[in-house]
Number of protein chains: 2
Amino acid sequence: MTVRRRQIEDAASALFGARGFAGTSVRDIARLVDLQGGSLYAHVTSKEDVLWSIVDGAARRFRAAAEPVARGPGSAAERLAAMVATHVDVVTRSRDRASVFLFQWRFLGPERLAAVAAARDAYEGLFREVIAAGAAAGEFDVDDPAVATAFVLSALNGLAHWYRPDGRLGTAEIAERFSALVLHGLGAARPAPARPGTDHRARSSR
Amino acid sequence: MTVRRRQIEDAASALFGARGFAGTSVRDIARLVDLQGGSLYAHVTSKEDVLWSIVDGAARRFRAAAEPVARGPGSAAERLAAMVATHVDVVTRSRDRASVFLFQWRFLGPERLAAVAAARDAYEGLFREVIAAGAAAGEFDVDDPAVATAFVLSALNGLAHWYRPDGRLGTAEIAERFSALVLHGLGAARPAPARPGTDHRARSSR
DNA sequence: CCTACCGATCGGTAGG
DNA sequence: CCTACCGATCGGTAGG
């Protein structure tokens, strides 16, 4: 990936995130990186190709951050708190790309759309499994893990809409508050105490 | 408002909700109501005018449903649970229009955009006030009402993305589960008991 | 990476 | 409400 290509994707992420994929022209993107409209095609093969690159990259980041935590050691509450923290981390560190992944993926063509849908399902599955495990273990008080998962992920994803890099709260503060809201929401009696050497919570791990 | 006009707005809501405002052409809308592209303009003055009508109507519905509850009697927990229920009710009863209001309003022109932004702020304010009141009264355990409000509203709005009219859950079931997740999330000790004659909870009021 | 261009489609209008 | 059209813009390409 060349520097130019990264510039183009950054510009496209900002525009797709703000105006949507369909509301952004290739000339809008070109203008942001000081190119003529047609010159963009020296670096990309199509507008959808740029969308795919952004979406796929962000999907990998979310997954790579959450998977080891979800399948790692610790109680369900510990793991879920860490997953909330990693999700918040990915969103705040790359808001535009995360926003495109979360809200513009539907503009992909059929085959890529199916791939992203599967990836999204798998990611949601990580959360649902941890929530269901916590419920089964009596750690959470949740009667409908599927709805609880959808509720929680929607709340987390909304961050991409309202997060401002220059805002009042940083990644750590948001992760803290979100974790509390999630764990309380699921009826966790209290944050599970970390056992020495197995602390995967946000503050110590990132 | 004529029957035709309503048909047009319904078609536009479905398309704007699924493909976005910029991803929908006036001819797409016309096709859904069996009109030629240009004939649409016998009923509407512009594409943006259709968007505005949908957005403004939905905004009024959300507000009209939530305002009396927010400012009505009852504990903060009671009022908030009822607000969650009314929000879920508006979303499930008119998912497409709600979806357009929630996610396509940014495509409005400058002056209408400002009006909607203000309306959205006011609506969010209703939730924030109730949450802050509950926190001040010691009814909720919330240290940051602004973040808690953003978290909750994002979770509620996400319903417009995943709700399916033919799905497993109806309005009442979703409202029940959402209310529990919200109240627990805010650290409400337990659902406040309803006093006779002041019961504004979802199941009895709708 | 630019200039110049392609056909297609866009939102919207005229005239009936 | 249709036919026929308007200028503008769209994503993308040819040739250098």
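As the structure is a prediction and not an experimental result, all values here were calculated from the model. Note on naming: letters A, B, ... go to the chains in the order of the sequence lines (proteins, then strands), and numbering restarts at 1 for each one.
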Trainee: Whole angstrom is fine here: how far is it from CZ in B:Arg31 over to C1' in D:dC2?
Mentor: 16 Å
Trainee: B:Asp144: which residues meet the side-chain contact (heavy atoms from CB on, under 4.5 Å) condition with it, sequence neighbours left out?
Mentor: A:Arg168, A:Leu169, A:Arg177, B:Ala146, B:Val147
Trainee: Considering just the side-chain nitrogens and oxygens of B:Tyr41, establish if one lies under 4.0 Å of OP1 or OP2 belonging to C:dT13.
Mentor: no
Trainee: Rounded to whole Å, please give me the gap between CD in B:Glu48 and P in C:dG11.
Mentor: 13 Å
Trainee: Looking at the side chain of A:Leu35, which of C:dC2, D:dG11, C:dG12 is the nearest nucleotide?
Mentor: C:dC2
Trainee: For A:Leu40 and D:dT13, what is the distance between atoms CG and P respectively, to the nearest whole Å?
Mentor: 12 Å
Trainee: Give the table of side-chain donor-acceptor pairs shorter than 3.5 Å for residues 153-167 of chain A, with sequence neighbours excluded, one pair per line with atom names and distance.
Mentor:
residue  : atom : partner  : partner atom : Å
A:Ser154 : OG   : A:Ala150 : O            : 3.0
A:Asn157 : OD1  : A:His87  : NE2          : 2.8
A:Asn157 : ND2  : A:Leu153 : O            : 3.2

Trainee: Show me the donor-acceptor pairs within less than 3.5 Å that the side chains of residues 31-38 of chain B make with the rest of the protein, sequence neighbours left out.
Mentor:
residue : atom : partner : partner atom : Å
B:Arg31 : NH1  : B:Asp28 : OD1          : 3.3

Trainee: What's the CH2-C1' distance between A:Trp52 and D:dG11, to the nearest Å?
Mentor: 21 Å
Trainee: Within a radius of less than 6.0 Å around CZ of A:Arg63, do more than 12 heavy atoms belonging to other residues, nucleotides or ligands occur?
Mentor: no
Trainee: Can you tell me which nucleotide in C:dG11, D:dG11, C:dC1 comes closest to the side chain of B:Val26?
Mentor: C:dG11
Trainee: Check nucleotides 3-8 of chain C for protein N or O atoms closer than 3.5 Å to its own N or O atoms and list the pairs.
Mentor:
none

Trainee: Is there any ring-ring contact (aromatic ring centres under 6.0 Å, His included) pair reaching into residues 31-54 of chain A, and which pairs are they, with sequence neighbours excluded?
Mentor: none
Trainee: Distance check needed: C:dG11 P versus B:His43 NE2, whole Å only.
Mentor: 18 Å
Trainee: Does NZ or CZ of B:Arg120 lie under 6.0 Å from the centre of the six-membered ring of B:Phe101, at an angle within 45° of the ring axis?
Mentor: yes
Trainee: So which heavy atom on B:Ala12 is nearest to which on B:Ile29, and how close?
Mentor: CB-CD1, 4.0 Å
Trainee: Minimum heavy-atom separation for B:Arg106 and A:Ala18, please, with both atom names.
Mentor: CD-O, 4.5 Å
Trainee: For B:Thr171 and B:Val88, work out which heavy atoms get closest and say how close.
Mentor: O-CG1, 3.8 Å
Trainee: CD1 of A:Ile29 versus P of D:dT9: gap in Å, rounded?
Mentor: 17 Å
Trainee: Taking the nucleotide of DNA chain C with the closest heavy atom to each, which residue, B:Ser25 or A:Ala42, is nearer the 5' end?
Mentor: A:Ala42
Trainee: In this structure, which stretches of DNA chain D are paired as stems of three or more consecutive Watson-Crick or G-U pairs, both distances less than 3.5 Å?
Mentor: C:1-16 with D:1-16
Trainee: Quickly work out the B:Leu51 CG to C:dG12 C1' distance and round it to whole Å.
Mentor: 17 Å
